[in-house]
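The chains referred to below are lettered A, B, ... by the order of the sequence lines, with proteins before strands, and numbering in each begins at 1.
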There are 2 protein chains.
Amino acid sequence: MAIAKPANNQRRSGEPRRSAGSQLPDAGQGQALDFDELNGHIGYFLRRLQVAVFSNFIRTLAPLDVRPAQYSVLILISANPGRSQSAIGQALNIERARLARMLHELERREWIERRAAPDDRRSHSLFLTETGTKALARIRSLAARHEERMVELIGRDRRLLLLDLLREFG
Amino acid sequence: MAIAKPANNQRRSGEPRRSAGSQLPDAGQGQALDFDELNGHIGYFLRRLQVAVFSNFIRTLAPLDVRPAQYSVLILISANPGRSQSAIGQALNIERARLARMLHELERREWIERRAAPDDRRSHSLFLTETGTKALARIRSLAARHEERMVELIGRDRRLLLLDLLREFG
DNA sequence: TATTGTTATACTCTATAACTATA
DNA sequence: TATAGTTATAGAGTATAACAATA
């Protein structure tokens with residue numbers, strides 16, 4: 001799926017579909033396309049907006065080179081210091097293998113540290129370093145700027161409605 | 001970003017945030033995590049739902065081994081026969097390089113064919129083959145089943161509201 | 001035996017660049 | 001010179017499997 005906005009010739013799912021053979025010939029080559037079935041798929045539109053939002057996030061956070069997944073991990077470590085990799089990974093649905101590599105990178109930047117957990121020596125307790133705490137302050141500021149752009153993109157009321165809808169689903 | 005559902009200790013964006021140091025010690029290790037800032041990010045929730053929806057799509061279409069992007073391309077070719085690769089790619093925001101590979105795969109399955117465009121010999125006109133048309137009928141049926149599951153997951157009214165919101169944004 | 005974290009592999013998707021053949 | 005399509009490469013993200021240390 002992808003990201004283009006369907007043209008105006010929308011057809012709601014459930015309405016009759018023109019057969020392929022009955023397509024009118026294109027008057028010009030710049031004709032808008034028929035998105036057909038796609039207009040009835042929630043996933044298509046979700047994906048479209050999600051890509052646009054992440055794209056802005058990545059661009060806005062580019063000065064600090066922080067990606068959405070890294071941001072979510074830093075926020076969770078900051079708000080829940082001392083928790084294990086498995087706890088953070090499960091909460092964010094990040095594979096432990098992938099999280100291990102990501103934390104290695106965040107450790108290389110000296111934003112986080114792993115300490116031996118006293119109760120279970122298999123697991124690592126995660127903390128922000130002082131450097132990481134300072135970086136996160138700047139990151140939060142850029143992330144807030146991103147979210148302000150989302151208000152402009154989506155509209156304040158629509159964003160709040162969307163937030164409520166998405167939060168409460170499932 | 002990722003996909004877990006935040007626990008109940010939500011904090012709206014704009015409300016004061018507990019500092020990391022003031023976290024209560026964990027009574028047990030199964031404690032719910034504080035998602036903090038993430039609760040105010042539309043992108044976080046969008047991503048969460050989008051991943052869940054695509055995951056169901058992929059599982060539902062697995063018998064025919066069709067992924068979301070392939071589905072969207074097949075639908076667009078079916079509804080707009082004879083259009084060029086660049087037209088389809090721009091409409092769906094798929095890189096021409098990636099679309100070329102995807103079409104190669106769809107051609108290998110004998111679902112689509114490329115014919116020389118009479119007016120511009122650089123471009124290829126795309127069509128479903130007869131095999132592709134038959135396959136798409138089955139694909140549509142599974143995709144419809146997927147969308148029914150989405151109604152169950154999201155709720156009928158919420159899905160319609162979401163569809164309208166997402167469709168009209170931008 | 002099961003779990004935590006690590007390393008490795010493979011596949012999808014995204015982003016570029018370089019190339020060809022046409023225009 | 002620009003555009004349509006192709007090929008190649010590299011980076012994220014995802015999904016597995018195998019392994020060591022520990023429970």
Can you figure out which of [options] approaches the side chain of [X] most closely?
{"X": "R121(B)", "options": "dG13(D), dA23(C), dT4(C)", "value": "dA23(C)"}
{"X": "R96(A)", "options": "dA18(D), dT6(D), dA8(C)", "value": "dA18(D)"}
{"X": "D120(A)", "options": "dA23(D), dT9(D), dT3(D)", "value": "dA23(D)"}
{"X": "A69(A)", "options": "dG13(D), dA15(C), dG5(D)", "value": "dG13(D)"}

Taking atom [atom2] of [N] as reference, at what distance in whole Å does atom [atom1] of [X] sit?
{"X": "R59(B)", "N": "dA15(D)", "atom1": "CZ", "atom2": "P", "answer": "11 Å"}
{"X": "F54(A)", "N": "dA15(C)", "atom1": "CZ", "atom2": "C1'", "answer": "18 Å"}
{"X": "H124(A)", "N": "dT3(C)", "atom1": "NE2", "atom2": "P", "answer": "18 Å"}
{"X": "Q70(A)", "N": "dG11(D)", "atom1": "CD", "atom2": "C1'", "answer": "13 Å"}
{"X": "M102(A)", "N": "dG11(D)", "atom1": "CE", "atom2": "P", "answer": "17 Å"}
{"X": "I58(A)", "N": "dC13(C)", "atom1": "CD1", "atom2": "P", "answer": "17 Å"}
{"X": "L106(B)", "N": "dT6(D)", "atom1": "CG", "atom2": "P", "answer": "12 Å"}
{"X": "L103(B)", "N": "dT6(D)", "atom1": "CG", "atom2": "P", "answer": "7 Å"}

Residues [X] and [Y] bridged, charged N to O under 4.0 Å:
{"X": "R101(A)", "Y": "E105(A)", "value": "no"}
{"X": "D34(A)", "Y": "R83(B)", "value": "no"}
{"X": "D36(B)", "Y": "R140(A)", "value": "yes"}

Reckon [X] touches a base, only the sugar-phosphate, or nothing at all at heavy-atom distances under 4.0 Å?
{"X": "Q85(A)", "result": "sugar-phosphate"}
{"X": "H104(B)", "result": "nothing"}
{"X": "A97(B)", "result": "base"}

Check this one for me: any side-chain N or O of [X] less than 4.0 Å away from OP1 or OP2 of [N]?
{"X": "R67(B)", "N": "dC11(C)", "answer": "no"}
{"X": "S86(A)", "N": "dG5(C)", "answer": "yes"}
{"X": "R98(A)", "N": "dG13(D)", "answer": "yes"}
{"X": "R47(B)", "N": "dT14(D)", "answer": "yes"}

Position toward the 5' end of DNA chain C (nearest nucleotide), R101(B) or R114(A): R114(A)

Judged by each residue's nearest nucleotide on DNA chain C, which is more toward the 5′ side, A100(A) or R122(A)? R122(A)

For residues E107(A) and L103(A), determine if any side-chain heavy atom of one lies less than 4.5 Å from a side-chain heavy atom of the other. no

Does the ring of F127(A) carry R115(A) above it, NZ/CZ under 6.0 angstrom from centre and within 45° of its axis? yes

Looking just at side-chain N and O atoms, do Q90(A) and R96(A) make a donor-acceptor pair shorter than 3.5 Å? no

Hey, which of these two, S123(B) or E95(A), hits DNA chain D nearer its 5' end, going by closest nucleotide? S123(B)

